[in-house]
Number of protein chains: 2
Amino acid sequence: MTTRNPAILAWLHMLRIHQQVQKTETAHLAPFNLTLPQFDVLAQLYSEEGITQQTLADRLYVTKGNVCGLMDRMVEQELVERRADPQDRRAYMLHLTTKGKRLIETVLPLHTQLLAAQFDSLASDKQKHLLDLLSELDRALEGHAA
Amino acid sequence: MTTRNPAILAWLHMLRIHQQVQKTETAHLAPFNLTLPQFDVLAQLYSEEGITQQTLADRLYVTKGNVCGLMDRMVEQELVERRADPQDRRAYMLHLTTKGKRLIETVLPLHTQLLAAQFDSLASDKQKHLLDLLSELDRALEGHAA
DNA sequence: GTAAGATAGTTTAGACTTGAACTACTAATA
DNA sequence: TATTAGTAGTTCAAGTCTAAACTATCTTAC
């Protein structure tokens, strides 16, 4: 890291942290035969059922084409159901199957715990401070996006 | 964001920031016909030429299989050269071509500037503070990895 | 020197992701 | 109501990424 610019350095650290945390998450999910994107789908549908593929795509900040393939695989595995929407024949209403619900209820607590544990090397007040800074940056970038 | 845990919230913000910054980076690189991973390769080789594919993989924290495909495409585009290593007939020494060097020298300054600009919504002291926290977390996770 | 083990690179199968083109359906408007 | 515009979902090509199996080459230890 030859750069002196604090922004660049912060970004490089963020990349490393992102990579490291995701690697740990992925390793945790693998025994359940779940990928990280699939976990994200289950977690989202667990908190908000009956949404369309497009809405799910919006929630996860990905394209609808992406969600379409993801759903193909997850329907195949019987984790998710595509129900017809009587109000709109173009759309599906997405629902967790019993299997999907059971899986996310098993995996989510451990997952949350694992994630929290990774941040626990930081003292509690530092975690809060980090949250504040990231929160501010996130909010600022939303505007930047436009 | 219904979660109350500061670690989880921080992580969610980090995900969003990561996504947003990468989207901006990707958009900046597109006119140069460069993907983000390809940019990373050029930037790395610009700072350290003559390394092997395996070393490059280590530097970028990806697998050698990944680098192999990346190099195939970048050699095809004449951005990078695979030179034989007289010391080790298994290995290549990777070098930027003139075209690759010219490209990274064009793109890198703008890219750095763009990245810094994204963090400029945060006051200078907050940027430094963020760097400190991320740096500490990064270091801590390195140990966690093992 | 040679056999065993390690290392550099390649290949493959499978999953993910995007953007763009396409189909089917809905909504809006003239 | 008929045309037009917009929206939900699908498909495709291209790139990315991993893990695992494979080839070729080194290295090491007998």
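Bear in mind the structure is a predicted one, so any value in this text is a computation, not a measurement. In what follows, every heavy atom counts, from backbone to side chain, and hydrogens, waters and symmetry copies are set aside.
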Using the test side-chain contact (heavy atoms from CB on, under 4.5 Å), find all partners of A:H129 that sit at least two apart in sequence or belong to another chain.
A:L133, B:H129, B:L133

Tell me, please, which residues at least two apart from B:R102 pass side-chain contact (heavy atoms from CB on, under 4.5 Å).
B:T98

Please give, in whole Å, the distance from C:dA8 C1' to B:R83 CZ?
19 Å

Donor-acceptor list for residues 36-44 of chain B side chains, cut-off 3.5 Å, not counting sequence neighbours:
residue, atom, partner, partner atom, Å
B:Q44, NE2, B:E48, OE1, 2.9

To the nearest angstrom, the CG-P distance between A:L60 and C:dT17 comes to 9 Å

Across all chains, not counting sequence neighbours, the ring-ring contact (aromatic ring centres under 6.0 Å, His included) partners of B:Y46 are none

Please confirm whether the shortest side-chain N or O distance from A:R73 to OP1 or OP2 of C:dA15 is below 4.0 Å.
no

Are A:K99 and A:L79 close enough that some pair of their side-chain heavy atoms sits under 4.5 Å apart?
yes

Partners of A:K126 by side chain to side chain donor-acceptor pair (under 3.5 Å), sequence neighbours excluded?
B:E136

Check the distance between D:dG15's P and B:Q77's CD and give it to me in whole angstrom.
8 Å

Flag the pair B:L114 / B:L110 as yes when at least one side-chain heavy-atom distance between them is below 4.5 Å, and no otherwise.
no

Could you tell me which residues satisfy salt bridge (charged side-chain N to carboxylate O under 4.0 Å, His left out) with A:R82, sequence neighbours excluded, listed by chain and number?
A:D72

Do the side-chain N or O atoms of A:T63 get closer than 4.0 angstrom to the phosphate oxygens (OP1, OP2) of C:dT17?
no

Does a side-chain N or O from A:R89 land closer than 4.0 Å to OP1 or OP2 of C:dT26, or not?
yes

Round to a whole Å and report the spacing from CD of B:Q22 to C1' of C:dC16.
14 Å

Sorted by chain and residue number, the side-chain contact (heavy atoms from CB on, under 4.5 Å) partners of B:A116 (sequence neighbours excluded) come out as A:N5, A:A7

The correct set of residues in residues 31-43 of chain B placing a heavy atom under 4.0 Å from DNA chain C is none

Between C:dT26, D:dC17, C:dT17, which nucleotide gets closest to the side-chain atoms of A:L70?
C:dT17

Could you give the NZ-to-P distance, from B:K23 to C:dG19, as a whole number of Å?
7 Å

Gap between atoms CG and P, on A:L15 and D:dC17 respectively (whole Å)
12 Å

Can you tell me the distance, in whole Å, between the CE atom of B:M74 and the P atom of D:dA14?
19 Å

Please enumerate all residues that pass salt bridge (charged side-chain N to carboxylate O under 4.0 Å, His left out) together with B:D88, with sequence neighbours excluded.
B:R90

A:T52: which residues meet the side chain to side chain donor-acceptor pair (under 3.5 Å) condition with it, sequence neighbours left out?
A:T55

For the helix from C:dG1-D:dC30 to C:dA30-D:dT1, how many degrees between its two end axes (five pairs per end), to the nearest 10°?
10°

Considering only nitrogen or oxygen atoms on both sides, find all protein atoms under 3.5 Å from nucleotides 9-12 of chain D and state each distance.
residue, atom, partner, partner atom, Å
D:dG9, OP1, A:Q53, N, 3.4
D:dG9, OP1, A:Y92, N, 2.7
D:dG9, OP2, A:Q53, N, 3.0
D:dG9, OP2, A:Q54, N, 2.7
D:dG9, N7, A:K64, NZ, 3.1
D:dG9, O6, A:K64, NZ, 3.1
D:dT10, OP1, A:Y92, OH, 3.3
D:dT10, OP2, A:Q53, OE1, 3.4
D:dT10, OP2, A:Q53, NE2, 2.8
D:dT10, OP2, A:R82, NH2, 3.2

Decide whether A:Q20 and B:D138 meet the rule of one side-chain donor and one side-chain acceptor closer than 3.5 Å.
no

A:D58 CG to D:dT7 P, straight-line distance once rounded to whole Å
11 Å

